[in-house]
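Quick caveat, the model's predicted, so the values are computed rather than measured. This chain uses plain numbering: 1 for the first residue, then up along the sequence. In what follows, every heavy atom counts, from backbone to side chain, and hydrogens, waters and symmetry copies are set aside.
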Amino acid sequence: MIKEEKVPFETMVFSGITFKVINRHQAHNIIGGLTDFNNNKIYDVFEDTWRFPDYEENPVFLLAEEDVEMDLFEMDFSTEEHPDIFILGFIFRGNLTVAKLISSYDTDNSPALIVLGKTTTVNINLFGSVHYLGGGLQCDTLAGEYNHGELFVKGDLTAWLVYTDDMLFHFERFTDVQAIISAGRPDILICSNVQDTDGSVITVENYLPSTHKLSDIVDDAFIENSSYGNEILGNNYLDVFKEGLSILDYDKKEKYSYDDFRNQFINMVEILSETDELKENGKIVRHISGTTYLFIPFDYEGKKYSQISEEISNGFSIRMRTLWCHEDEEIMIILEYLDENGDPKYQWMNDENAQGIEFFCVKHATLETFEILTAEVVEENDEDKNDESEYSDYTNRFSLEEYASQFGNYKVPEDLVKLYEFEQEYGVETYSECFGLTITDDKTGIKTWSEEEEFYNSFIEFAGANGSGSSYAYWIIDNDLNKCPIVVFGDEGGVHIVAENTQKLIQLLTLDTEISVDFDKAYFYQDEEYYEESENKEEFREWVKEEFNLDAIDSNEEADKIVEEAQRKHKQKFNDFLVKFDIEISEEEDDE
């Protein structure tokens, strides 16, 4: 039985609003029954994680019983008047209306926002926790950032722009939404009523790909390019949000409404039809990081067609295609969700004049595919010159010389060079979940542990370890890095020995599961229910066997043995090293 916490006082003022102060048990009675769109409960306020920790003094929820109106709502864990309390979440039983901006505290961690009524604002910027808007949302721009956050919106969504950069959004229905944009993979899910195989109507959640580029709808002043070349929100857009102003450029209506799509598509077909690549191969195709971009002409029932399509695999199985019937001069746009055999499970189909998110994402995919198919391709040798080559947008993102620069006077281990060459061919994060080689030569992250030169110069970071920002590094205990163990620096705290050498880390990667890192330990856990195989997993496992004569691992237990073996050899010495720099180690580690 969990002991019920006492509240330090009955009420508290935040952002000019007087809230009732309640404890976890009282909050549980209000939000414990809230569910997602698969009827799974969203909140467990007793879970004792970074979302609802029990190690903070005076943890409370703030509750508003009635409708609330305020000018600006920036969530925080405490106030100047009450710096000793820790706000786990804000709960609004009624409607929440904010004139300018609703914003979370930090991308890593923030109080949760739970609104049971309708939420209305100009801009809303969320991250750092699981947020719930139960009575719909009306806004100009909704933005989310980083995978420590998640948002559920039940009821109607009215928004000009829904934008996410690595944060999951779940929506019940779009009432009036002009554009959705995911900066990376599809991160936006919408419920749809579809017909099952037995004819019954069921509700399913489907990922929706981006419908536009940011530059189609956002004022150019607020757009930056990421290190991977895609457009992201930047340039102090939050300052504009706080003023209650819009970052959107309504003069771009021709772009975001796709007013000229018919002429654009016909022109694309004409250009692609005249290329030498099409004449030689009968189609033009690119495979980039789990997505296939294709132009192909074909005949069907005596008529000539041309098709531009984009198909997203990597667990999404979404195909978007636009077809042109040359005889009828009709254009058809189709959004399809595919089954395990590549056949359509659900399908949306209409002509080129169709409005709506489902058809906007197909139009966006068509324009994107044309850009990729007509882009100049840099090929390293003649063997790559075939229509099934892997054209990765991450290929050649840095040279081996550039990668080696972070190793200083140390020689890059030959096994790591081999992995670099494999990744160059197949693409980062395509062969083992969330793993990719990186350049980190300023040691900024390691210096957060200790700014003593002896400490941070004892490590060389070389790869991203998981999707939340952890990294792999060599712990330099020998001039030959082949003899140095590999540690993981956790983005949430915790640094641990994980592999005896490069080959052992490579063997761990064959499990195709990102590492989990907390203060007490680092481990690999593949959940069979949610596991989605990486695109080039089998190619990687075959390569590991051929190159190193190492068998791929298929279970969490096999991964544990590799980690435990490395820790038996190095952990005591590593713990002694950490303590030397006043870095706290877990009691679990200290006891072992």
For this session: Determine the sole option in Leu116, Val153, Leu96 for which the side chain to side chain contact (heavy atoms under 4.5 Å, CB included) test with Leu133 is passed.
Result: Val153
Between [atom1] on residue [X] and [atom2] on residue [Y], distance to nearest 0.5 Å:
X: Met167; Y: His148; atom1: CE; atom2: NE2; answer: 12.0 Å
X: Lys255; Y: Ser257; atom1: NZ; atom2: OG; answer: 12.5 Å
X: Leu245; Y: Tyr237; atom1: CG; atom2: OH; answer: 15.5 Å
X: Arg173; Y: Asp156; atom1: CZ; atom2: CG; answer: 4.0 Å
X: Ile333; Y: Cys361; atom1: CD1; atom2: SG; answer: 9.0 Å

Is it true that the side chains of [X] and [Y] contain a donor and an acceptor less than 3.5 Å apart?
X: Asp84; Y: Asn58; value: no
X: Glu231; Y: Asn225; value: no
X: Asp140; Y: Ser246; value: yes
X: Thr292; Y: His287; value: yes
X: His170; Y: Glu205; value: yes
X: Asn263; Y: Asp260; value: yes
X: Thr164; Y: Ser182; value: no
X: Ser471; Y: Glu461; value: yes

For this session: Spell out, as yes or no, whether a donor-acceptor pair under 3.5 Å connects the side chain of Asn38 to the backbone of Asn40.
Result: no
Exercise. Between Phe241 and Phe222, is a ring pair (Phe, Tyr, Trp, His ring centres under 6.0 Å) present by the stated rule, with each step listed?
Worked result: CA-CA 11 Å; Phe241 277 3; Phe222 305 108; 8.4 Å; no
Problem set entry | Candidate pair Leu189 and Leu208, rule side-chain contact (heavy atoms from CB on, under 4.5 Å), full reasoning | CA-CA 6 Å; Leu189 296 102; Leu208 269 178; over 6 Å; no
More than 12 heavy atoms of other groups within 6.0 Å of [X] [atom1]:
X: Lys41; atom1: NZ; value: no
X: Glu81; atom1: CD; value: yes
X: Glu451; atom1: CD; value: no

May I ask you to check whether [Y] and [X] place their ring centres under 6.0 Å from each other?
X: Trp449; Y: Phe489; result: yes
X: His212; Y: Tyr258; result: yes
X: His25; Y: Phe46; result: yes
X: Tyr207; Y: Phe316; result: yes
X: Tyr525; Y: Tyr531; result: no

To check you understand the geometry: which heavy-atom pair defines the closest contact between [X] and [Y], and what is its length?
X: Ile318; Y: Leu335; result: CG2-CD1, 3.8 Å
X: Met75; Y: Pro111; result: SD-O, 3.7 Å
X: Leu88; Y: Pro53; result: CD2-CD, 3.9 Å
X: Phe360; Y: Gln178; result: CE2-NE2, 3.5 Å
X: Arg321; Y: Ser309; result: CB-CB, 3.6 Å
X: Glu172; Y: Gly155; result: OE1-N, 2.6 Å

Closer than 4.0 angstrom, basic N to acidic O: yes or no for [X] and [Y]?
X: Asp67; Y: Lys118; answer: no
X: Lys213; Y: Glu371; answer: yes
X: Arg93; Y: Glu65; answer: yes
X: Glu4; Y: Arg24; answer: no
X: Lys20; Y: Glu10; answer: no
X: Asp251; Y: Lys253; answer: no
X: Glu74; Y: Lys242; answer: yes

Exercise. Should the ring pair Trp160 and Tyr250 be called parallel, tilted or perpendicular, given that the plane angle runs from 0 to 90° and is split at 30 and 60?
Worked result: perpendicular
For this session: Just say parallel, tilted or perpendicular for the rings of Phe261 and Phe265, cut-offs at 30° and 60°.
Result: parallel
For this session: For side-chain contact (heavy atoms from CB on, under 4.5 Å), just list the numbers for Leu373 and Leu294, CA-CA rounded to whole Å, side-chain angles, deciding distance to a tenth of an Å, and then say yes or no.
Result: CA-CA 8 Å; Leu373 296 183; Leu294 174 68; 5.9 Å; no
For this session: Give the intermediate values and the outcome of side-chain contact (heavy atoms from CB on, under 4.5 Å) for residues Ile91 and Leu113.
Result: CA-CA 6 Å; Ile91 303 173; Leu113 172 65; over 6 Å; no
For this session: Give a yes/no verdict on a cation-pi contact between Lys345 and Tyr337, requiring under 6.0 Å between NZ or CZ and the six-membered ring centre and an angle within 45° of the axis.
Result: no
Problem set entry | Trace of the side-chain hydrogen bond (donor to acceptor under 3.5 Å, both in side chains) decision for Ser470 with Asn466 | CA-CA 6 Å; Ser470 302; Asn466 56 28; 3.1 Å; yes
Problem set entry | Worked verdict on Lys100 versus Asp71 for salt bridge (Lys or Arg N to Asp or Glu O under 4.0 Å) | CA-CA 6 Å; Lys100 295 176 179 176; Asp71 185 58; 3.4 Å; yes
Exercise. Between Phe92 and Tyr132, is a ring pair (Phe, Tyr, Trp, His ring centres under 6.0 Å) present by the stated rule, with each step listed?
Worked result: CA-CA 10 Å; Phe92 297 84; Tyr132 177 92; over 10 Å; no
For this session: Could you give me the CA-CA distance, side-chain angles and deciding distance for Phe61 and Val21, then say whether side-chain contact (heavy atoms from CB on, under 4.5 Å) is met?
Result: CA-CA 6 Å; Phe61 285 83; Val21 180; over 6 Å; no
For this session: Evaluate the side-chain hydrogen bond (donor to acceptor under 3.5 Å, both in side chains) criterion for residues Thr322 and Thr366: first the C-alpha distance (whole Å), next the side-chain angles of each, then the deciding distance (0.1 Å), finally the verdict.
Result: CA-CA 7 Å; Thr322 306; Thr366 302; 2.7 Å; yes
For this session: Check the pair Lys252 / Asp220 against salt bridge (Lys or Arg N to Asp or Glu O under 4.0 Å), numbers first and verdict last.
Result: CA-CA 11 Å; Lys252 292 182 177 181; Asp220 294 336; 2.7 Å; yes
Exercise. For Thr203 and Asn193, what are the C-alpha separation, side-chain angles and deciding distance, and is it a side-chain hydrogen bond (donor to acceptor under 3.5 Å, both in side chains)?
Worked result: CA-CA 5 Å; Thr203 300; Asn193 293 322; 2.7 Å; yes
For this session: Applying ring-ring contact (aromatic ring centres under 6.0 Å, His included) between Phe77 and each of Phe14, Phe90, Phe86, report the one that passes.
Result: Phe86
Exercise. Can you find a pair of side-chain heavy atoms, one from Leu126 and one from Leu151, that are under 4.5 Å apart?
Worked result: yes
